[in-house]
Number of protein chains: 2
Amino acid sequence: MTAAPQGSDDPVAPVPADAVALGDLDGSVSFMLRIAQVTVYDRIFSAEADLPLKLGEHTVLKVVGDNPGARQGAIADKLMIKWSHMTKVVSGLEERGLVERYVPPQDRRSVFLRLTDAGRHVVADMNLRLDALDAGATAALDADDRAELLRLLHKILGWPSATSS
Amino acid sequence: MTAAPQGSDDPVAPVPADAVALGDLDGSVSFMLRIAQVTVYDRIFSAEADLPLKLGEHTVLKVVGDNPGARQGAIADKLMIKWSHMTKVVSGLEERGLVERYVPPQDRRSVFLRLTDAGRHVVADMNLRLDALDAGATAALDADDRAELLRLLHKILGWPSATSS
DNA sequence: GCAATATAATTCACTTGTAAACAATCCCGG
DNA sequence: CCGGGATTGTTTACAAGTGAATTATATTGC
């Protein structure tokens with residue numbers, strides 16, 4: 001590739017239309033994770049655009065519902081959301097009346113979160129729809145593939161493989 | 001901020017320290033992809049903080065190097081970067097002297113990209129380091145696991161499984 | 001040739017997410 | 001009690017990324 005093209009008038013190449021080669025990038029776990037994640041999110045939202053919550057909001061609300069009395073920061077850590085961002089997300093959810101902040105008297109620095117009835121309702125609605133959307137966005141995978149993928153992702157994270165269900 | 005309700009209000013819970021339960025969220029492909037992706041990126045950057053490029057910048061430069069004469073938008077599409085964002089990234093790389101924009105005479109709307117010598121050098125440097133960092137961030141996986149994971153991610157995307165070594 | 005339309009990239013306004021400084025509170029050793 | 005230090009959450013400024021409108025060029029139909 002050192003054809004020493006001078007100036008700005010060199011031919012460079014005929015013009016490879018839209019077939020761009022990724023080279024060995026498709027063997028990079030970090031790259032493939034990003035592409036796959038972006039693609040799956042895109043598919044979920046293009047499949048059904050009228051969702052009442054963004055995916056991140058849903059996970060927050062769901063975990064809040066499953067962990068009454070959990071500190072906001074602890075939930076943020078578990079979901080790998082920065083505290084500063086968590087503050088924004090929770091404020092947004094609170095303004096929409098889906099969660100309540102509650103400062104417990106035994107440690108007035110911390111903030112506990114509780115679902116409102118509206119919050120519980122929205123989460124339940126999303127839970128129902130998301131299973132199908134999640135599966136639909138990865139429809140190329142059969143059940144075994146999906147289980148295997150989840151196992152590998154858990155393994156990366158050092159999480160106990162959830163054989164629960 | 002609600003006034004701390006005490007007395008008749010429920011105690012919520014003793015306070016589950018930092019053991020937050022995710023429930024069945026760890027069985028959601030979209031959620032697990034996000035968590036895994038964020039974790040892997042974090043690990044790569046905490047492992048070696050003095051990288052000359054961010055991961056996204058590296059992929060752009062690498063693909064530019066592998067596809068001389070490719071339009072900027074075609075590369076953006078392949079990498080799932082929006083054109084408006086691609087403009088920013090390329091401008092940043094151009095300012096640092098790593099790529100050159102080149103408007104071909106046969107279609108003066110489009111922009112071709114070319115690595116500069118400095119760009120080539122930086123990409124080569126990153127290529128060397130990233131293989132190890134990528135593997136290090138997923139050290140919990142053995143070679144078979146990694147190959148299987150990549151196969152499944154390719155399958156989600158509908159990409160031909162690259163068994164090319 | 002020329003208007004209408006499509007395409008490529010950019011700009012601008014905005015959302016999402018991060019980093020660093022800050023304020024409030026708790027804890028611990030004198 | 002009380003001062004230093006740690007913890008928790010918020011604020012502020014910024015970076016990453018998206019979407020709609022804009023500019024410039026190309027293409028197509030008449």
Those residues at least two apart in sequence (or on a different chain) that pass side chain to side chain contact (heavy atoms under 4.5 Å, CB included) with B/Ser91 are B/Thr87, B/Arg101

What do the steps show when you test B/Asp50 against B/Arg129 for salt bridge (Lys or Arg N to Asp or Glu O under 4.0 Å), and what is the final call?
CA-CA 11 Å; B/Asp50 61 334; B/Arg129 296 211 255 166; 3.5 Å; yes

Can you check the [X] [atom1] to [N] [atom2] distance for me, whole Å?
X        : N      : atom1 : atom2 : result
A/Arg108 : C/dC27 : CZ    : C1'   : 15 Å
A/Glu57  : C/dT15 : CD    : P     : 13 Å
A/Gln106 : D/dT7  : CD    : C1'   : 15 Å
A/Arg34  : D/dA16 : CZ    : P     : 13 Å
B/Phe45  : D/dA16 : CZ    : C1'   : 12 Å
A/Leu79  : C/dG17 : CG    : P     : 12 Å
B/Leu55  : D/dG17 : CG    : C1'   : 16 Å
A/Lys54  : D/dG17 : NZ    : P     : 17 Å

Establish whether A/Leu33 and A/Met80 are linked, either directly or via other cluster members, by ILVMFWY side-chain heavy-atom contacts under 4.5 Å.
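Cluster IDs for A/Leu33 and A/Met80 match.
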
Side chain proximity check, B/Val89 to B/Gln72, heavy atoms < 4.5 angstrom:
no

With the side chain counted from C-beta on, respond yes when A/Glu148 and A/Asp142 share a heavy-atom pair under 4.5 Å apart, and no when they do not.
no

Contact letters for nucleotides 1-13 of chain C, in which S counts primed atoms plus P, OP1 and OP2 and B counts the base, heavy atoms under 4.0 Å:
-----BBBBBB--

Output all residues satisfying salt bridge (Lys or Arg N to Asp or Glu O under 4.0 Å) with A/Asp145, sequence neighbours left out; order by chain, then residue number.
B/Arg151, B/Lys155

